[in-house]
Every structure is written in structure tokens, then in C-alpha cells.
Chemist: 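Got a structure for you, questions after.
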Amino acid sequence: MIILVTGAAGPAGQAVVRRFTGQGHTVIGVDKSGADGTLAVDLLDFDAVKGLAREVAAEHGHLDGIFHLVGGWRGSKTFAETSLDDWALLHDLLIRTLQHVTLAFEPLLKASERGRFAIVSAKTAAHPGQGDAVYGTAKAASEAWTLAFADALKDTASTANILVVKALVHDGMRAAAPERRFPGFTDVDDLAEAIDRLWETDANGTRIDLTTG
């Protein structure tokens, strides 16, 4: 399979890349930083994203999966302390990059024999606390966009779904705070496994809860 992973240099992206490359699939890892052997593409540059889609089509002829793992978090102690600068940042990271990727790659995913698309969302999108105003709103908007994308795919063999977590955890976090238990957090390797399982179902436009504990 040909798999595209955006945000591939982050812990979640690395876990997904490891899983699919370990199975012998071709993984195209994209990250603005270009770190860890990823393609340096600025996903806020729509022309650059459309250019990437053309390159993937020209080189591989098809695409089997897109996993949009660009993340970021901002919050505040109280609602009154919410920063709209934080909103502007999360709008770009969590919403605008998603819009560019889905719009640019929709033709390839629609043409796929059994394509899969997913984002990672958070419980707070449905029940934000006062300090999560910007983050919860950005995640909720990302979910709405993904559901609209799922509707665009409904008459094809491809699907788009939302994987919901409380938060993600990885070995680096555990090493930095060995006393913490991270209750309800989802390990990035478990996230990668859940993404792999998307090919076991034809569900489309669903919210899949990965919260543990």
C-alpha cells in the first residue's frame, strides 16, 4: 500500500510510520520540519500541498491511506484568559492544514480501491472546559470538516473517520515523568494499531473512541 502521513515527525506520526513500514508498505512521511527523513512540505501552502498530490499521483498512481496527524495544543486557566492568538495558531495547525490536505488529495482517495483517511480528535471537542475554548473549538471544527469529507466519499470504496482520545502518550513522556500514570491516555502505538484496523471496517464518518481505562 501507499500511505501518506502528515505530521510524520511527531511521536504519533513516527508510530504510524513505524507500523506501516514494518509491514512493508510505502510510507510518504510529511512534516514541515523535514526531520527524521520526512518530506519538508508546508501544509499551510495550498499550492505546495497540491504539488505534493500531483507528485504522489505521478510516482505511485494511487494512494491507499492518508492519516493527518498535525497536532498542537493551547489553553488557559479560565475562559476570560483565552488568547485569540492561540486560536489563530490552532486554526492554522488543526483546521487549515486539514482543509488543504483533504481538498488536494480528494481525487486520489476517491479513486482508491479501498482508501482510508483519519484524523485524531479529542474528548474535549464534545465537552470543552472553559480553559479549552480554543482547542475544543478547533478540534470540533476539524471533526465537522472530516465528516463533510466522509460524505464526499460515501459513494466510493474509501472512508474518512475520526479517532477520539483523551490525550496521547509516548515513551518519552513516561521517561520524563515516571511517577505519572496518564489515566485514560492512548499510547501512540495503540493509535497506530487502530489506524491499521480501519481496513477491517467499511464504517464511514464515525467517531471511534480510543480512550483507555
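Sequence positions, counted from 1, serve as the residue numbers for this chain.
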Chemist: What verdict does the side-chain contact (heavy atoms from CB on, under 4.5 Å) test give for Arg174 and Arg180, after you've listed the backbone C-alpha separation in whole Å, the side-chain angles of each residue and the deciding distance to 0.1 Å?
Modeler: CA-CA 7 Å; Arg174 294 189 182 94; Arg180 287 192 62 185; over 6 Å; no

Chemist: Do Val164 and Lys123 make a side-chain contact, defined as non-hydrogen atoms from C-beta onward lying under 4.5 Å apart?
Modeler: yes

Chemist: Apply the test side-chain contact (heavy atoms from CB on, under 4.5 Å) to residues Val70 and Leu43: give CA-CA distance (whole Å), side-chain angles for both, the deciding distance (0.1 Å), then the verdict.
Modeler: CA-CA 9 Å; Val70 176; Leu43 299 180; 3.7 Å; yes

Chemist: Report yes if some heavy atom in the side chain of Phe182 is under 4.5 Å from a heavy atom in the side chain of Met173; otherwise report no.
Modeler: yes

Chemist: Between Tyr135 and Leu90, is there a side-chain heavy-atom distance shorter than 4.5 Å?
Modeler: yes

Chemist: Where is the tightest heavy-atom contact between Ile119 and Ser142, given as atom of each residue plus distance?
Modeler: CD1-O, 3.7 Å

Chemist: Is the centre of the Trp199 ring less than 6.0 Å from the centre of the Phe20 ring?
Modeler: yes

Chemist: Any salt bridge between Arg19 and Asp189, counting N to O under 4.0 Å?
Modeler: no

Chemist: Check Val134 against Ser83 and note the closest heavy-atom contact, atom names and distance.
Modeler: CG1-O, 3.8 Å

Chemist: Out of curiosity, Thr6 OG1 to Leu98 CG, how far, rounded to the nearest 0.5 Å?
Modeler: 8.5 Å

Chemist: Check Asp45 with Lys32, please: is the shortest side-chain N to carboxylate O separation under 4.0 Å?
Modeler: no

Chemist: Applying the 4.5 Å side-chain criterion to the ILVMFWY set and letting contacts propagate, would Ile3 and Leu191 be lumped into a single cluster?
Modeler: yes

Chemist: About how many Å separate OG1 of Thr159 and CG of Asp202, when rounded to the nearest 0.5 Å?
Modeler: 7.5 Å

Chemist: With a 6.0 Å cut-off on the ring centroids, do Phe117 and Phe67 count as close?
Modeler: no

Chemist: Counting distance only, does the side-chain N/O of Gln14 pair as donor-acceptor with the main-chain N or O of Ala9 below 3.5 Å?
Modeler: yes

Chemist: List in chain and number order the residues that pass salt bridge (Lys or Arg N to Asp or Glu O under 4.0 Å) with Asp47, two or more places apart in sequence or in another chain; answer none if no residue qualifies.
Modeler: Lys50

Chemist: Does the Asn161 side chain pair with the main chain of Ala203, one donor and one acceptor, at a distance under 3.5 Å?
Modeler: yes

Chemist: Is it possible for you to say whether Leu69 and Leu89 belong to one hydrophobic cluster, with membership spreading through side-chain heavy-atom contacts below 4.5 Å?
Modeler: no

Chemist: How many angstroms lie between atom CD1 of Ile28 and atom CG of Leu63, to the nearest 0.5 angstrom?
Modeler: 6.5 Å

Chemist: If you group Ile, Leu, Val, Met, Phe, Trp and Tyr by side-chain heavy-atom gaps below 4.5 Å, do Ile162 and Phe105 land in one group?
Modeler: yes

Chemist: Would Asp132 and Trp73 count as a side-chain contact (heavy atoms from CB on, under 4.5 Å) here? Give the steps.
Modeler: CA-CA 9 Å; Asp132 287 325; Trp73 181 86; 3.9 Å; yes

Chemist: Under 4.5 Å between any side-chain heavy atoms of Phe46 and Leu103, yes or no?
Modeler: yes

Chemist: Test His68 against Thr97 for side chain to side chain donor-acceptor pair (under 3.5 Å), laying out the working first.
Modeler: CA-CA 9 Å; His68 188 65; Thr97 62; 3.0 Å; yes

Chemist: Working to the nearest 0.5 Å, report the span between CG of Asn204 and OG of Ser158.
Modeler: 9.0 Å

Chemist: Working to the nearest 0.5 Å, report the span between CD of Gln99 and CG of Leu94.
Modeler: 11.0 Å

Chemist: Of all heavy-atom pairs between Ala141 and Ile95, which one has the smallest distance, and what is that distance?
Modeler: CB-CD1, 3.6 Å

Chemist: Taking all atoms of both residues into account, what is the closest heavy-atom pair of Thr201 and Arg116, and its distance?
Modeler: O-NH2, 3.0 Å

Chemist: Hey, are the side chains of Phe149 and Leu109 touching, using non-hydrogen atoms and a 4.5 Å cut-off?
Modeler: yes

Chemist: Between Glu106 and Lys110, does any NZ, NE, NH1 or NH2 come within less than 4.0 Å of an OD or OE carboxylate oxygen?
Modeler: yes

Chemist: Which heavy atom of Leu147 sits nearest to which heavy atom of Gly205, and what is that distance?
Modeler: CD2-O, 3.4 Å

Chemist: When you group the ILVMFWY residues by side-chain heavy-atom contacts below 4.5 Å and let the links chain together, are Leu163 and Leu153 in the same group?
Modeler: no

Chemist: Any side-chain donor-acceptor pair under 3.5 Å between Asp31 and Ser33?
Modeler: yes

Chemist: So which pairs with a foot in residues 137-159 pass salt bridge (Lys or Arg N to Asp or Glu O under 4.0 Å), sequence neighbours left out?
Modeler: Glu143-Arg207, Asp151-Lys154

Chemist: Given 3.5 Å as the limit, does a donor-acceptor pair link the side chain of His25 with the main chain of Ile2, or not?
Modeler: no

Chemist: Is it the case that the side chain of Thr38 and the backbone of Val30 share a donor-acceptor pair, with hydrogens and angles ignored and the cut-off at 3.5 Å?
Modeler: no

Chemist: Less than 4.0 Å between a side-chain N and a carboxylate O, is that true for Asp64 and Arg114?
Modeler: no

Chemist: Can you measure from CG (Leu39) to CG (Leu4) and round to the nearest 0.5 angstrom?
Modeler: 8.5 Å

Chemist: Looking at every heavy atom in both Val56 and His62, which two are closest together, and how far apart are they?
Modeler: CG1-O, 4.3 Å

Chemist: With no hydrogens and no angle check, just 3.5 Å: does a side-chain donor-acceptor pair link Thr102 and Trp145?
Modeler: yes

Chemist: Grouping I, L, V, M, F, W and Y whenever their side-chain heavy atoms are under 4.5 Å apart, do Val5 and Leu108 come out in a common cluster?
Modeler: no

Chemist: How far apart are the C-alpha atoms of Ile208 and Leu198, what are their side-chain angles, what is the distance that settles it, and do they pass the side-chain contact (heavy atoms from CB on, under 4.5 Å) test?
Modeler: CA-CA 10 Å; Ile208 302 168; Leu198 291 173; 3.8 Å; yes

